[in-house]
Structures are given as C-alpha cells and as structure tokens.
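To start, the structure itself, in structure tokens.
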Protein chains: 2
Amino acid sequence: MEAIGEKSALGSLSRPEARAEAHRCGCKPPNGLAAPDCLECAIKELSVCGALDPDEFEALERIGRSLCAPAKTTLFEQGREASFVYNLTSGALRLAKLLPDGRRQVVGFALPGDFLGLALAPTHMFTADAVSPVKFCQFPRASFSHLLMSKPHLLRRLMEIASQELTLAQEQMVVLGQRSAEEKVAAFLIGMRERYARLNGQCVYVPLPMTRLDIADYLGLTVETVSRTIARLAREKVFVVVPEGVRLLDVAKLKRIAEA
Amino acid sequence: MEAIGEKSALGSLSRPEARAEAHRCGCKPPNGLAAPDCLECAIKELSVCGALDPDEFEALERIGRSLCAPAKTTLFEQGREASFVYNLTSGALRLAKLLPDGRRQVVGFALPGDFLGLALAPTHMFTADAVSPVKFCQFPRASFSHLLMSKPHLLRRLMEIASQELTLAQEQMVVLGQRSAEEKVAAFLIGMRERYARLNGQCVYVPLPMTRLDIADYLGLTVETVSRTIARLAREKVFVVVPEGVRLLDVAKLKRIAEA
DNA sequence: CGATACTTTGACCGCCCTCAAGCATCGTGG
DNA sequence: CCACGATGCTTGAGGGCGGTCAAAGTATCG
C-alpha cells in the first residue's frame with residue numbers, strides 16, 4: 001500500500017489501485033481541491049466547527065482544504081507523521097490498529113462530523129481508510145495547533161470532543177471485555193443507529209458501509225461469528241438484512257440484547 | 001454501599017465499613033483535610049499541574065483540598081453527580097464500569113499523578129475505588145472548569161492528557177479485542193511496569209496493589225484464568241510472585257509475549 | 001464473463017469459562 | 001493467644017462459546 005502524493009497537493013492520500021479520483025468520487029473541481037465553505041457546511045453544528053464565530057470560520061477556511069476520495073483510500077497510516085488533522089463531512093472511515101502478526105483492531109468508525117487528530121501526537125496512532133466514498137476537510141496540523149492557542153473556544157470544544165471520545169472508548173472496553181458475541185453485535189447496531197440518528201434523524205434503516213470483517217475486527221470476533229450472529233438475529237425477526245445495512249424490525253428486543 | 005458525608009466537608013467519600021479514617025490512613029491533620037501544598041508536591045511535573053506558573057499554583061491551592069483515605073474507599077460512583085475533579089498523589093484507584101447484571105469492566109487503574117474528571121460530564125462515567133490507601137487533591141468541578149477558561153495553558157495541558165488517555169484506551173481495545181489470555185497478562189504487567197517506572201524509576205519489581213479479580217475484570221478474563229496464567233509465567237521463570245506484586249526475571253521474554 | 005472480494009454455512013476443535021474445592025492471609029473478638 | 005470468618009488466591013475437572021478450517025454462494029468490476 002504505497003502512499004501516492006505524499007509531496008503532492010493532496011497531502012498523504014494513497015490508494016491500493018490508482019488514479020482517476022476526479023470522476024470516481026464526482027467532485028468538482030477534480031479531487032475536490034478547494035477551500036472549504038464552512039458557512040454552507042451541512043454538519044458544522046455537529047462538529048468541532050460548531051463552537052466558532054463567523055470570523056473564526058474564516059480563519060479555518062484559510063488554513064484548510066476540502067477534499068474527497070473514493071472508497072478504499074487510505075487517508076493516513078499508523079506510525080506515519082501526522083501532517084494534517086481532518087474533519088469528515090461525508091461517507092465513513094475505518095480507524096484501525098494493526099499488530100505485527102497481521103491481527104487488526106478497529107478502534108472506531110468515523111462518520112460525518114467526526115474529527116480526526118485528537119491525539120495531538122506527532123505520528124498517527126491508527127490507520128484511517130475510507131469504507132465508502134468520502135468528503136472531508138484537511139488542515140495542516142501545525143496551523144491548526146497554532147489556531148487552537150489563539151481560540152480558547154475552539155480548544156474547549158476540542159476538549160469536549162476528546163472527553164466524549166474517551167467516554168465512548170471506555171464503553172467499547174465494556175463491550176470488548178464483558179459481552180457475548182450476540183451482545184456485541186447488538187450493541188454495535190444500536191450504536192450505529194444512534195450515530196446515524198444524530199445525522200439523518202431516527203430511522204429503522206441502519207447503514208453499514210463497512211464489511212463484516214471490519215465489524216468483526218471492531219468487536220473482537222471473527223467474520224464467521226459476526227455473519228452467523230447477524231443471520232440468527234435476522235432469523236429471529238429482529239431485523240432484515242438489506243444491501244449496505246439492516247432494517248430494524250424489533251428495536252426494543254435489539255436494545256434489550258445490547259444492554260443486557 | 002452508602003455514601004457518608006455527601007454533604008460533609010469531605011465531599012462524596014464513602015466506605016463500606018465506617019469511621020476512623022484519620023489514624024488508619026495516617027494523615028495529619030485528620031483526614032488530611034488541608035489546602036494542598038502544590039509547590040512541595042512530589043509528582044507535580046508528571047501531572048496536570050506540570051504546566052502551571054507559581055501564581056497559577058496559588059489559584060489551584062485556593063480552590064482545592066488535599067485529602068486521604070484508606071483502601072476500599074469509594075471516591076465517587078458511576079452515575080452520581082460529578083461535584084469534584086481529582087488528582088491522585090499517592091496510592092492506586094480502580095476505575096470500573098458496572099453492568100446491570102453484575103458484570104464489571106475495569107476501565108483503568110489510576111496511579112499517582114493521574115487526573116480524574118477528564119470526561120467533563122455532569123455525572124461520573126465510572127466508579128473509583130481505592131485499592132490501597134490513597135492521597136489525592138480534590139477540586140470543585142465548577143471552580144476548576146471556570147479556572148480552565150481563564151488559563152489556556154491549563155486547558156491545553158488537560159487536552160494533552162485527555163488525548164494521551166484516549167490513545168491508551170485505544171491500546172487497551174487492542175488488548176481486549178485481539179490478544180490471548182497470556183498476551184493480556186503480559187501486556188498488563190509491562191504496562192504497569194512502565195507506569196511505575198515514570199514514578200519511581202525503572203525497576204524489576206512491579207507493584208500490583210489490585211486483586212486478581214480486578215486484573216481479570218480489566219483484561220476481560222476470569223480470576224481463574226489470570227491466576228493460572230500468572231502461575232504458568234512464574235513456572236516459566238518470567239517472574240516470581242511476591243507480596244503485592246511480581247519481581248521480573250526475564251523482561252525481554254515478557255515484552256516478547258506482550259507485543260506478539 | 002472471469003477474477004476478485006465479500007458473505008454465508010457447516011464440521012470440528014481448543015481456549016477460556018464454569019463449577020468446585022482447598023489453601024493462605026488477615027483482621028476481629030473471645 | 002488462638003479460633004473464626006471473611007477475603008483472596010490457587011488448582012483441578014469438565015463443558016461451551018467462539019475460533020479455525022474448508023467450501024460454496026453472491027456481488028462487483030474490469
């Protein structure tokens with residue numbers, strides 16, 4: 001998985017295949033290379049940007065760029081220098097840590113509004129791959145860090161997001177450490193539903209842009225167990241499996257399993 | 001487990017047994033009820049306070065109190081209102097989340113220098129119990145939060161700690177999700193060793209103030225498995241079990257197992 | 001259409017959990 | 001001082017959940 005454009009205008013984007021991002025992700029201008037239009041941004045209230053004044057938006061727009069990329073693009077890789085911080089505006093990312101022997105732990109999925117770069121570390125702590133076509137804003141880490149110190153509002157907001165993220169990580173520890181396969185899958189689906197509900201409103205359709213393997217590596221299970229568990233829950237009429245997701249039939253039952 | 005002194009000068013400390021904290025924890029004045037002496041604090045460089053100027057120390061001292069408590073004291077409980085934030089200066093705490101059916105996930109152990117209250121949430125996300133006699137500083141959450149906004153240095157430092165904590169939580173997800181029992185125990189011991197090394201300097205003796213059950217609930221295992229795994233590693237001469245901890249014999253081997 | 005990646009299903013097995021019992025340590029009270 | 005109960009730790013025997021291995025089915029894309 002070589003990194004193309006490490007020194008290109010795109011930053012450290014890379015893809016296993018190659019080229020032709022422009023028409024594949026449908027961005028105009030090609031690759032969506034443009035200053036972000038923060039005031040028009042659909043998810044700004046749900047994101048870091050939510051805490052900003054109009055003049056602060058301008059400061060952000062000046063240092064940032066709006067980009068897009070097709071599925072399977074690697075935004076950045078674990079261990080590499082963290083040159084940028086990111087804000088996802090559309091699509092979904094898989095955030096994963098790789099072990100030397102090939103095992104993988106997915107530490108989260110980023111959805112629109114999510115901020116990447118909370119770690120403030122000089123290198124990335126995990127790899128971020130697009131599991132669907134994505135749009136996102138990209139800010140040079142140094143500029144962003146500098147902006148932080150002059151805008152206590154922004155820093156405070158980032159701190160709130162970091163602590164929210166920490167709380168979520170601790171919830172996930174409970175899932176990984178204490179729950180059965182069925183409980184894990186149920187908790188995952190309820191979690192995804194709630195996250196999409198904040199974006200699109202409550203809905204019985206839960207999108208699952210990631211693969212079964214991604215889910216398995218997120219829950220500390222194998223693909224087979226995830227597949228079997230989903231199949232069983234579908235057989236028990238808790239939901240039906242539809243392309244790219246599930247349609248919930250018995251939300252109460254799913255919640256009961258998840259919160260067991 | 002009733003909370004004594006919810007409205008007392010001590011804040012929300014509670015213990016299953018009762019009274020007599022003064023001589024049992026050996027604090028003078030009784031209960032260690034005193035303004036903290038931040039400038040004299042042994043672990044200030046390793047803690048939040050590390051980022052402060054002398055005048056900022058004074059501000060902290062004004063709003064805070066130095067306290068101590070014997071083992072098994074509950075500093076605060078999951079779900080209760082978070083009236084205070086804390087800074088541990090001595091001893092160790094178990095931070096745990098309880099499931100409705102009695103299962104428990106230990107989300108971490110606090111050691112001297114660790115800050116509690118990063119979540120910035122109105123209620124506590126986990127229960128904090130002393131696993132050994134502890135000394136700590138306590139700050140009213142509102143005053144502390146207010147101080148934060150007037151001291152960008154302090155906020156920035158807290159943000160760094162939060163992101164460090166988040167990174168650690170993601171590491172722990174890898175341990176919980178991907179590693180075998182033996183790898184979990186090894187990773188735990190290496191982790192504890194490193195944390196104590198920052199406090200006391202590198203040393204082959206690793207203190208384990210918590211019980212086997214605490215370790216098990218931290219690693220997503222059972223007591224029996226933890227006990228058996230420790231016994232096996234001891235049999236293989238990786239370490240010897242000593243009161244309140246282990247003495248490492250083969251650090252390299254332990255690291256090899258942990259990082260597998 | 002053929003290649004590739006993803007998903008599902010089945011059969012088997014092993015790691016870790018469960019259940020049970022014995023042992024060590026410690027604080028308490030007679 | 002020792003008896004005791006409580007708490008924590010260890011060890012053994014057996015079973016089950018989820019992992020492993022294998023193969024077939026399905027969708028996607030060049």
Side-chain angles (χ1 to χ4, degrees), chain A residues 1 15-20 23-24 70-72 94 101-106 129 131-133 175-186 208-235 240-246 257 260, chain B residues 15-20 23-24 70-72 94 101-104 129 131-133 175-186 208-217 219-235 240-246 257 260:
Chain A
M1 207 173 279
R15 280 193 303 119
E17 316 101 57
R19 291 326 86 114
H23 73 276
R24 288 192 58 190
K72 309 205 178 182
R94 178 206 326 125
D101 63 1
R103 282 178 290 180
R104 194 181 67 156
Q105 176 66 38
V106 171
D129 301 293
V131 295
S132 71
V175 172
L176 287 169
Q178 304 299 325
R179 316 206 91 120
S180 69
E182 186 173 69
E183 290 169 350
K184 283 177 175 180
V185 170
L208 297 176
M210 68 293 291
T211 69
R212 299 287 188 262
L213 181 58
D214 293 336
I215 299 175
D217 285 347
Y218 181 58
L219 297 176
L221 298 172
T222 58
V223 217
E224 293 94 329
T225 300
V226 170
S227 180
R228 268 188 262 268
T229 306
I230 288 180
R232 176 154 28 85
L233 289 172
R235 215 176 304 128
V240 287
V241 179
V242 296
E244 303 276 289
V246 295
I257 298 173
Chain B
R15 279 193 305 121
E17 315 101 57
R19 289 324 89 111
H23 73 277
R24 288 192 59 190
K72 308 206 177 180
R94 180 208 323 125
D101 63 1
R103 282 178 290 179
R104 194 181 68 156
D129 302 291
V131 296
S132 71
V175 172
L176 288 169
Q178 303 300 325
R179 316 205 90 120
S180 68
E182 187 174 69
E183 290 170 350
K184 283 178 176 181
V185 170
L208 298 175
M210 68 293 290
T211 69
R212 298 288 188 263
L213 181 57
D214 293 335
I215 299 175
D217 286 347
L219 298 176
L221 298 171
T222 58
V223 215
E224 294 94 328
T225 300
V226 170
S227 180
R228 266 188 263 269
T229 306
I230 288 180
R232 177 154 26 87
L233 289 173
R235 214 175 305 128
V240 286
V241 179
V242 296
E244 303 275 291
V246 297
I257 298 173

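So you know, we letter chains A, B, ... as the sequences are listed, proteins then strands, and number each from 1. Scope of the values below: all heavy atoms of this structure, side chains included, with no hydrogens, waters or symmetry mates.
Note that the two end axes of the helix from C:dC1-D:dG30 to C:dG30-D:dC1 enclose an angle of 30°, each drawn from 5 base pairs, rounded to 10 degrees.
For A:Arg232, the salt bridge (Lys or Arg N to Asp or Glu O under 4.0 Å) test picks out A:Glu182, with sequence neighbours left out. Evaluation of the side chain to side chain contact (heavy atoms under 4.5 Å, CB included) rule for A:Ala216 yields A:Val226 as partners, not counting sequence neighbours. Under the side chain to side chain donor-acceptor pair (under 3.5 Å) criterion, A:Ser227 pairs with no residue, sequence neighbours left out.
Among all heavy-atom pairs drawn from A:Val175 and A:Lys184, the shortest one is O-CE, 3.3 Å. When all heavy atoms of A:Glu183 and A:Ile257 are compared, the pair lying nearest together is CG-O, 3.5 Å.
Distance, A:Arg179 CZ to C:dC17 P: 16 Å, rounded to whole Å. Distance NZ (B:Lys72) to C1' (D:dA6): 9 Å, rounded to an integer number of Å. Spacing between atom CE of B:Met210 and atom C1' of D:dT7 amounts to 17 Å, rounded to whole angstrom units. Spacing between atom CZ of A:Arg212 and atom C1' of C:dT9 amounts to 14 Å, rounded to whole angstrom units. Across the protein-nucleic acid pair, B:Asp214 atom CG and D:dT7 atom P stand 14 Å apart, rounded to whole Å. What separates CG of B:Leu176 from P of C:dC16 is a distance of 13 Å, to the nearest Å. Following rounding to the nearest Å, A:Leu213 (CG) and D:dA27 (P) show an atom-to-atom distance of 20 Å. Following rounding to the nearest Å, A:Leu208 (CG) and C:dT7 (P) show an atom-to-atom distance of 10 Å.
If you check residues 220-228 of chain A against DNA chain C, the residues with a heavy atom closer than 4.0 Å are A:Glu224, A:Ser227, A:Arg228, listed by number.
Using a 4.5 Å heavy-atom cutoff, the side chains of A:Leu233 and A:Val246 are not in contact.
We find the CE-CG distance between B:Met210 and B:Asp129 to be 12.5 Å, quoted to the nearest 0.5 Å.
Sorted by first then second residue, the salt bridge (Lys or Arg N to Asp or Glu O under 4.0 Å) pairs that include residues 214-224 of chain A, not counting sequence neighbours, are A:Arg94-A:Asp214, A:Arg104-A:Asp214, A:Arg104-A:Asp217.
The backbone N or O of A:Gly220 sits nowhere less than 3.5 Å from a side-chain atom of B:Gln178 that would complete a donor-acceptor pair.
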